[in-house]
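As the structure is a prediction and not an experimental result, all values here were calculated from the model.
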Amino acid sequence: MSEKNTKQDKNNLMEKIVSLCKRRGFVFQGSEIYGGLAGFYDYGHYGLAFANNIKNSWWKKFVDSRRDMYGINSSIIFNPKVWEASGHVTGFLGTTTDGKKFNEMFKTQVGVGEDALVAYLRPETAQGMFVNFKNTVDAFHPKLPFGMAQIGKAFRNEIAPRDFIFREREFEQMEIEYFVRAEDWEKYFEYWRSEMLSWMEDIGLDMTKVHELEVGDGDRAHYSKRTIDFEFDFPFGRKELYGLAYRTDFDLKNHKLDHIDEEKSEKIIPHVIEPSMGVDRSVLALLLSAYTEEVKDGETRPYLKLKPNIAPVICAVSPLLKNKPELVEYANTKVYAPLKAEFGRVAWDDNGNIGKRYRRQDEIGTPFCIVVDFDTLSDDTVTVRDRDTGEQERIKVKDLKNYIKERIN
Ligand code: ATP
């Protein structure tokens, strides 16, 4: 294939993803009815479910299943002294095309009149952990090593927001600050490197498209002594998906915070390993990993091959015909209601013919489509169609919950 064709295909792929996201209620342009605002996007019902599943999987692995991690949900606007101490007021600069430097933090004001304070929307969630370091230590008395984790919004006045939800001005981060003794930093850097890779596999990223880049001396953030970028082959190039940074004791030192090691009765400033992941870039990279086109009998069937724990919908329930009250009644009360109560992420789909419903659910990434037809009324079985193979099975209604549970495990 020529280079020109490859580039065209990649552009087409992005166009297909952006249009699928709008058509199927994943992601919309922000303020669209007023012409949009560059760098801002809104998540629709399915995009929200998808992003929530990603966040839940992250929280489960890195917080709930561990004994050494403490969650925090800090405010977005801090006393501006935080950003002076962290180095962001002087160091968080972007360079414009005509060579001018400007600060990427969004400014706002707190209070009114002459007493108003110039403040900033946080450009990273990380400082929310550092400024609550002492509170967390005092409340929970953790021993080193231990970590703090936060999922939340971050804001950056990016000079050139682009590539859909890849580079936004408002986005969401999932960050961990892991506090270690200075001499242990290399060990834990390696440890978090492999933990991050294992989570990427868990959620279903195409690992052949993930590459590690050792970030050189001149390119690291002002606080970092070592950084690895986990890059992903996006259609618009190989770009940063996540980062892993060794922040040394830079932040705690600048906030004048330290830690008493109770066992050794000594005062130390812990060093920090920071795995940092973007929710929106995860959404985009997963959509690109999952997007598949199957060509059969001259027809193209696009579908999202998402893992069931990440897919926005686990199963869709359909009465074969929506104008047959006995089918609708059965599908609603005996199939949809119990599955909805069990799994939550269950869709009711009676729009258009069955073929159209399958196509729609394929694009949403729904692993199973369940159809209630006339046979169901006499034998209490339904058709379950598999998203990836298109194969259909007859399953007893009373076995549906277990069938789905087994399949998703
Ligand atoms: P880049 O070099 O692409 O600007 P960065 O190195 O500034 O990214 P970090 O400061 O390390 O990014 O932020 C941590 C994570 O937050 C990134 O790995 C990415 O997943 C996400 N992220 C950062 N900036 C944006 C943005 N403008 N839009 C969406 N996600 C972002």
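Side-chain N/O atoms of Glu175 and Ser276 include a donor and acceptor closer than 3.5 Å. Donor-acceptor pairing under 3.5 Å is recorded for the side chains of Lys61 and Ser198. Side-chain atoms of Gln127 and His255 form a donor-acceptor pair, as typed in the model, at a separation below 3.5 Å. For the 3.5 Å distance criterion, the side chains of Lys225 and Thr248 fail to qualify, holding no donor opposite an acceptor.
Under the 6.0 Å cut-off for aromatic ring centres, Tyr178 and Tyr188 qualify, their centroids lying closer than that. Under the 6.0 Å cut-off for aromatic ring centres, Tyr303 and Tyr291 do not qualify, their centroids lying 6.0 Å or more apart. Centroid-to-centroid, the aromatic rings of Phe250 and His222 come within less than 6.0 Å. When ring centroids are compared, Phe171 and Phe155 stay outside the 6.0 Å threshold. Separation of the Phe189 and Tyr246 ring centroids does not fall under the 6.0 Å cut-off. Between Phe166 and Phe236, the ring center distance clears the sub-6.0 Å criterion.
Side-chain N or O atoms of Glu274 include none that pairs as donor or acceptor with a backbone N or O of Ala245 at under 3.5 Å. Between the Ser57 side chain and the Asn53 main chain, no donor and acceptor come within less than 3.5 Å of each other. Put simply, the side chain of Ser75 gets close to the backbone of Ile77: a donor and an acceptor are under 3.5 Å apart. Between the side chain of Glu294 and the main chain of Arg301, no donor-acceptor pair closer than 3.5 Å is present. Here the side chain of Lys60 pairs no donor or acceptor atom with the backbone of Asp64 at under 3.5 angstrom. Listed for the Asn353 side chain is a donor-acceptor partner under 3.5 Å among the backbone atoms of Gly355. Using a distance-only test at 3.5 Å, with no hydrogens or angles considered, no donor-acceptor pair links the side chain of Asp184 to the main chain of Val180. Thr376 contributes a side-chain N or O that, together with a main-chain N or O of Thr381, makes up a donor-acceptor pair within less than 3.5 Å. With hydrogens and angles disregarded, no donor-acceptor distance shorter than 3.5 Å links the side chain of Asn332 to the backbone of Val328. Between the side chain of Glu240 and the main chain of Asp229, no donor-acceptor pair closer than 3.5 Å is present.
Heavy-atom minimum distance, Gln109 versus Ala116: NE2-CB, 3.8 Å. Closest of all the heavy-atom pairs between Val295 and Thr300 is CG2-OG1, 4.1 Å. In terms of heavy-atom proximity, Ala154 sits nearest to Gln173 at CB-OE1, 3.7 Å. Contact detail for Gln150 and Ser74: the closest heavy-atom pair is OE1-N, 2.7 Å. When every heavy atom of Ala51 is checked against every heavy atom of Val279, the shortest pair comes out as CB-CG1, 4.0 Å. Residue Ile203 comes nearest to Leu286 through the heavy atom pair O-CD2, 3.4 Å, listed as atom of the first residue, atom of the second, then distance.
Atom-to-atom distance recorded for Phe133:CZ and Asp138:CG is 9.5 Å, nearest 0.5 angstrom. To the nearest 0.5 Å, atom CZ of residue Arg387 and atom OG1 of residue Thr389 are 10.0 Å apart. Taking CD from Glu363 and CG from Leu304, the interatomic distance works out to 7.5 Å, rounded to the nearest 0.5 Å.
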For this session: Check the pair Arg193 / Glu212 against salt bridge (Lys or Arg N to Asp or Glu O under 4.0 Å), numbers first and verdict last.
Result: CA-CA 10 Å; Arg193 187 173 151 251; Glu212 290 179 36; 2.7 Å; yes
Problem set entry | Residues Phe62, Trp192; criterion ring pair (Phe, Tyr, Trp, His ring centres under 6.0 Å); working and verdict | CA-CA 10 Å; Phe62 295 127; Trp192 281 104; 5.7 Å; yes
For this session: Kindly indicate, with the supporting measurements, whether the criterion ring pair (Phe, Tyr, Trp, His ring centres under 6.0 Å) is fulfilled by Tyr41 and Phe164.
Result: CA-CA 8 Å; Tyr41 286 88; Phe164 191 41; 5.3 Å; yes
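Remark: Arg407 is not positioned above the aromatic ring of Phe368, lacking an NZ or CZ atom under 6.0 angstrom from the ring centre and at most 45 degrees off the axis.
Annotation: side chain of Arg394 is not in contact with side chain of Val384 (no heavy-atom distance under 4.5 Å). Considering only heavy atoms from C-beta on, Met129 stays 4.5 Å or farther from Ile176 through its side chain. The shortest side-chain heavy-atom distance between Glu326 and Glu329 does not fall under the 4.5 Å cut-off. Looking only at side-chain heavy atoms (C-beta outward), Glu342 and Lys405 come within less than 4.5 Å of each other. Between Pro80 and Tyr120, some side-chain heavy-atom pair lies under the 4.5 Å cut-off. With a 4.5 Å cut-off on side-chain heavy atoms, Leu197 and Phe230 count as touching. Within the 4.5 Å cutoff, side-chain heavy atoms of Arg169 are placed close to those of Asn157. Taking 4.5 Å as the limit, every side-chain heavy atom of Ile404 sits out of range of all side-chain heavy atoms of Pro367.
No more than 12 heavy atoms of other residues, nucleotides or ligands lie within 6.0 Å of NZ in Lys305, so this atom counts as exposed by the packing criterion. Counted within 6.0 Å of CD on Glu214, heavy atoms from surrounding residues, nucleotides or ligands total more than 12; the atom is thus considered enclosed. Taking a 6.0 Å sphere around CG of Asp115, one finds it holds 12 or fewer heavy atoms contributed by other residues, nucleotides or ligands. Residue Glu391 qualifies as open at atom CD: its count of foreign heavy atoms under 6.0 Å is 12 or below.
Ionic pairing of Glu231 and Arg238 is not present here: no N-O contact between side-chain nitrogen and carboxylate oxygen is shorter than 4.0 angstrom. The residues Lys81 and Glu84 are annotated as not salt-bridged, no charged nitrogen and carboxylate oxygen being separated by less than 4.0 angstrom. Using a 4.0 Å cut-off between a side-chain N of Lys or Arg and a carboxylate O of Asp or Glu, Arg360 and Asp349 qualify as a salt bridge. Under 4.0 Å is where a charged nitrogen must lie from a carboxylate oxygen, and between Lys55 and Glu172 at least one such pair does. Comment: Glu168 does not engage Arg156 in a salt bridge, judged by the lack of any side-chain N to carboxylate O separation of less than 4.0 angstrom. The pair Asp251-Arg247 meets the salt-bridge criterion, with a side-chain N (NZ, NE, NH1 or NH2) lying under 4.0 Å from an Asp/Glu carboxylate O. With respect to the salt-bridge test (charged N to carboxylate O, under 4.0 angstrom), the residues Arg181 and Asp249 do not qualify. Classification of Glu32 and Lys22 as a salt-bridged pair holds, one side-chain N sitting under 4.0 Å from a carboxylate O.
Under the 30°/60° scheme for interplanar angles, the aromatic rings of Trp199 and Tyr242 are found to be tilted. Classified by interplanar angle (parallel below 30°, tilted 30° to 60°, perpendicular above 60°), the ring pair Trp348/Tyr336 is perpendicular. Between Phe179 and Phe130, the two ring planes are perpendicular [angle over 60°; tilted spans 30° to 60°].
Residues meeting the ring-ring contact (aromatic ring centres under 6.0 Å, His included) test with Trp59, sequence neighbours left out: none. Listed by chain and residue number, Phe234 satisfy the ring-ring contact (aromatic ring centres under 6.0 Å, His included) test with Phe232 (two or more places apart in sequence, or in another chain).
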